[in-house]
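Numbers restart at 1 for each chain; the letters A, B, ... are given by sequence-line order, proteins then strands.
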Amino acid sequence: MSTIETRERRGALRGIGSSQTSTPQNLMVFVLSMALFGLANIILEIIPDVTVGPVDVSVSYFVFVPLTLAALLNPFWAALGAPLGEIVFTDLLMGDFSGLAEIEGFIQMFLAIYVAGSLVRDPRSRPQIFLGAVVLVGVDKLLSAAVDIGKVWVGVEDAELVEGLPQSIVLLEGIGFGVDVVMSGILFGAIPAMWLIPALHGRIEPLLGMRPRVPGEPRPGSVPRTGWFVVVAVLAALVSFVFAFLEAWDLSVGTVDADFRDRFGDGFLWVAVGALVAVLAIASILFAVWRRRGDR
Amino acid sequence: MRDDPVVEAVDLSFRYPGADADTLRDVDLTIRRGDFVAVVGGNGSGKTTLCKTFNGLVPHYWSGEFAGAVHVAGTDTWESSVARLSSSVGYVYQDFQNQLVRPTVRDEVAFGPVNFGLADHAERTQEALEKAGIAHLADRFVWQLSGGQAHLTALASVLALRPEVVVVDEPVAELDPAAAVEVYERLSELHREHGVTVVTIEHHAEFIARYASSVLLMSDGAPVWHLPTAEALARAGELAEHGIPAPQVVEALARLGVEGVPRSPAEAAALVRTAESRGALRRSGPRTEPRTRTTPAPPARAVAAARGVSHGYRSVGGDLQPVIDDLHLELLEGDRVALVGGNGAGKTTLMRLLAGIQVPRSGTVVLDGVDTRTERPHRLAERAAYLTQRPERMFLKASVREDVELFPRSRGVPDVDALVDRILDRVRLTAFADRDGRTLSGGQQRRATLAIGLAMRPALLLLDEPTASLDVGSRDDVIAMLAELSGSIACTVVATHDMHLVAEWATRVVVLDGGHVLADTTPRALFADPDVLARAHLVPPQVAQLGTELGLDPLPLTVAELAAHFTTVPLGVPA
Amino acid sequence: MSVARVQRDVLSVEWVKLELIRTAYATRGGLFAGMDPRAVVGWYAAMALAPWFTHNLTTVACLFVVAAAAVVLARVGPLVLGLFVIGLVLELVYLALAATLFGGDLTAVVALLEVTAKLGVLSLASLAAFVSLDPEKLSDALLALRFPPAVAFAVSYGYRMMPILVEEFATVMEGYRLRQLPPQQRGLLGWRVVVHWAVVAVKAFYPIFLNTAKSVRTTVEALEARGFTFATIDPRGRAIRIGSLRLGPLDLAVLAVTAALVAGCYAAGAQWPLHRS
C-alpha cells in the first residue's frame, strides 16, 4: 500500500494493518455466514418440498450463500458459521434437530465449504466458482450418502437379509446424489454463485472494513500448515462417521444383555446421559481446537 | 480547564485498508473532562472515524494505516485494547438497533458487566437502567421497544461499564423529534449530574445550541476549530459552508439586524422585544403576501380516497392491535400532503394501504378510481409508488440505473433508456448511474429512490420520511426536488417528523393520532394551534415558535416571512 | 384474477415472523419453559437415546406417544408442528413408494418404518425441548455444558436476528413483486411462474448480503466494545451466567416422571412384544 499524499503525515506511522484478517473481522464473517445461511434455510424450509417418485428433487440448500462468503472473505470462518446457522436457525427452531446427527452434518458441511471455498482462488473466475459449487455439494452429499447407507446397515437388524433392501438403499442414495448435484450444486449453487460472487466482489468487503481479495495473493483464513490441516480434516471426517454410528448404536447395546435391560429399565437413562456427556466432551475439544486454529 | 484532558489526539492520521486517501489527517485535539462536545461537519469529513479512535475500534478493530497517538483517560489507545477501553469510552451507534444483541432490556444492559465478569454486575445494571430512565422497561423484549426506548437501552448498555466518555453518533437521525429530545435530556443529565463527558455527532444546530457546551468542526479529516458553543454558533457562515446552517432563530435575528446569538426561540423573542423597545425595529404589515394554499377553481379530482378504513396487526400475543381506526381521507389532485404524528400513529400503515400494498381489514381504499381489493398489488403499483423509509431497502440491483429501469422495462414501456436518462438527469444522478445505491451519500440515496418512484410514473407518490438522517444541505436538496415534481405527479404524500419540510413544502397537513385524523389543515393553521401540536407531540420550526412568541399574524413559516413583519430602523433615525 | 384481496392473519410473511418469535421466546408458556435448561437438555438426551436400545416395535410406539404428549404439554406452535407433520407424512409416502418400486415387499418398509419411528421420537423430543426453551436459557445451558462461547452466543444471537432477517427478505421480495411484472403466460404447470420466483428468490440475496453485512458490522463492533471476545478468554463471565441456573422440584419431578414413563414403555414392550418378523 503506497501513501500518495502531497505532504507527509506529521505523526509517526505505528501500523499499516496486516493482510491477515483480525479476530473481530473473523467473528464478523462467522456471524454473517451463520445469519445468511440460516435465513436461506428458513426460506427453503417454508417452501414445500417436491418429490418425484421416491426421489426428493427439492433444493437441499442454497450453497451459493456460504460459497460466496468463503470465496470473497474467509473460507475457514464462513465454513464454521454456515452449518452452525443451519443448526441454530432451522434445526433447533423448526424442530428438525436430530441430536448427534447434527454434529455429523456440521462436520460434513464444514469440510465441504472449506474445501470448495479454498478452490476458488480468483473470485472473478467463473469456471473456478462453478467447480467450487459442485465440489461443495459433492463433498457434503458423498459423505452423507456414505453415512446414510452405513446407518441402515447398522441400524436395521440383519439388513442384508431383507430382500432388496441393500440394493434399493444404494440405488436411492445414488439417484439422490445425482439429483442433489444438479439441483443444489448447479441450478441453485453454481449458476447463482457465478453471478453473485463477481457482483459482490469489491462491494461487500468495504462494508466490513476489509480489502477486496486480489487473485493469487495468500488468502486470509487459509491454513498455514496444510499438512497438519489435512490430518485434522481426515480425523474430523472419521469422527463424523463415529457420531453417525453412535446414533445407530442399538446394534451392540440392543443385543447385549436382554436381562440386564429388563431389570434396570430406567438405569439406561444414566447410560444415555453418560453417552451424551462423552459426546459433548469430544465436541468441545474439537471446537476448542478449531477456535485456536482460527485465531492464528 | 484545558489542563484536565480526557481525550487527547496528537498528530493522528488513519487510512482504511484499501482506501487511497487518509480518512483522518494530522488531527490534534483535546477534549476536557466534563465537556459536552458536538462534533459537526459534512458527510465524509471523518467525524465517525474520529469518534471510533476514542474507544480503540480504530486501530484495533479497523486495522489500517495508523499514525500519531490518541490518549484516553491517560491511556495510549495503541497500547490498549477495545475491551479495556470500553470502561473509559462508551459508544452508541447511529443504527443502534443493530447494537442490541440480547433479547431483553436487562440482559442487554448486563451484557457488558457480565462479559467482564464484574462481581457487581447486578448493581451496575440497575444503576445504568436508572441513569437512562428505563428501569420500568427492564423486562421488556428489545423488539417490543419504540425507537427512543431502544436508543436509551443502547445508551444504558454502555453506561453499565461506567465510562468517563459517552459518544453518541447522530441520535436525531433515526428518532422522532420527541424521542430525540428525550435522549438529549438524558445525556444532559448524565453530563450535569454524573460528570460524564458527552460527545455527540450532530447536524442539527437547534440541538447543538440547546445542549452542547462546545463545538468541534471537522472538515476533510481534520478539525477546523473547537470552540465554546456561543462562539461557534456566531460563525454562522462558516458552519453553513460545512452543511450546518445556523438555527433558524439565529438566522432570523441576523436578518432583522438584531445582535446576539439566541439559544432558543424564547431568547430570540426577548432580544427582538429589546430591539423594538430601543426603537431599532418596527413592526409593519407583511410586505409580501404569505404563501397560502391556492385552491383551484374547478373541484380537483380525487387521486385516492379512504372510506371508513380500519386496519391492525396481530401482536406476538395473538391479539389484534388496531393501527388505523375508521379513517376517512380524500387526496386531491395538486395536493402536497404532509402526514404527521408520533411513532405508532399509523402513518406507514396508511401509506401502504393507500398504495394498495396491503388491503384494509374493513372499509375501502379507492386508488385512482380502482378499489384496491379488486386489483393485484403489482397492477396497483402502476398507479401509486411507495418509497420506503430506508433507501437501501429499495436498492435491489447492482446499480442505480438498473434499479430505476426495473419497473418500466418489465412492463414493456417504450423507449426505457430515454426515460431513465431523463429521470436520472432530473434527480442529478447521471454521474452516479452505474454505482450501487448503497455506496452513495444519504442525500443521493434519497434522490435515487425518488428516481425509482418517478420511473413508475404514478398518479400518487408516497414517501416515508424522505429527510430522515440527512444533513441539512441534503435535506434542503430533497425538499427542493419534491417541490419541482409537482408538475408530473398528481398528488404527493410525505410522512414526516420534519417540520421544516412541512413548513416549506406542504400545502396540506394531515395529523394522525391513534389511527384517527386529528386535524386536516394547512401548515400555518397547524403551527398556530397549540392544542393539536400538544396532542400530536409536534414541535413547530423555530421561526414559527418565534412568531407565536411575538404574536405575529399571519404566522411566519420561513425566515423571509418573519422578516416581512418588521422594518429595520437605521441607526440615528428617530422611531 | 377476480378474487378480492383480504388481509390474511395466517400463512403470510408477518405470520411466519410472529410464529418464529413466539416459538423462539416461548411466549406460549408450556411445561419446559419454566424448567432449568440443563434439566431440559438432560430430558432430551434421555428421550432421544431411549428408542435406540430396542427393536421392539411396541416400545418404540409407546415412546412415540410419550414424545407426542410432551409436544402437547410444551405448546408447540402450529407453524413448527405443521412443518414436522408434513415432513413425517412425506417420509411415509416416500417409504410406500420405495416399497412399490422394489418388488412390493413390505418387510423392507417395516424395517425402514422402524428407523423412521425412532427418528420421529427424536424429532418430537427436540420439538418439545428446544422449541419451547427460551434461547437465552439454551445458550446458558450450552455454556454450562462447556460448549465454546461462540456457539452459545450464536444460539441467542441467531434467534434474535431471525425475525429481522425474515423481514428483510420479505421487504426485498415485496420490492420485486411490485416492481417486476411476473410472466404473463404461466406455461405448463405454471413453470414460467415457478422459474420467475426461483430467480427472484436467488436475486434477493444480492441486496440482503450487502444490507446484512452493514448491520453485522455494527453488531460485531458493539460486541467487541462490550467485552464479548474478552469473555471467551476470561472465565468469570461464564461463572456469572451459569450461576443463575438452579435445579428445582419441577425439574426433578419431570425427570422422574419421564424416567418412569420410559421404563413403562420398556415394560409394555416386554409384556406385549412385537418384532419385525
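Both the backbone and the side chain of A/Met28 come within less than 4.5 Å of a heavy atom of chain C. Residue A/Ile191: no heavy atom, backbone or side chain, is found under 4.5 Å from chain C. Contacts between A/Val29 and chain C at a heavy-atom distance below 4.5 Å are absent for every atom of the residue. Residue A/Leu196 touches chain C through its side chain alone, counting heavy-atom pairs closer than 4.5 Å. At a 4.5 Å heavy-atom cutoff, the contact between C/Phe169 and chain A is made by side-chain atoms alone.
The greatest number of non-hydrogen atom pairs below 4.5 Å with chain A, out of C/Leu165, C/Asn56, C/Ile164, C/Val199, is found for C/Leu165.
Taking all atoms of both residues into account, the shortest heavy-atom contact from A/Leu200 to A/Glu205 is O-OE1, 3.7 Å. Between C/Val220 and A/Val31, the shortest heavy-atom distance links the atoms CG2-CG2, 4.4 Å. Listed here is the closest heavy atom pair of A/Phe37 and A/Val65: N-CG1, 3.9 Å.
One distance of note links CZ of A/Phe110 with CG of A/Leu84; it measures 12.0 Å at 0.5 Å rounding.
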side-chain contact (heavy atoms from CB on, under 4.5 Å) evaluation trace for C/Tyr44 with C/Val40:
CA-CA 6 Å; C/Tyr44 170 72; C/Val40 178; 5.6 Å; no
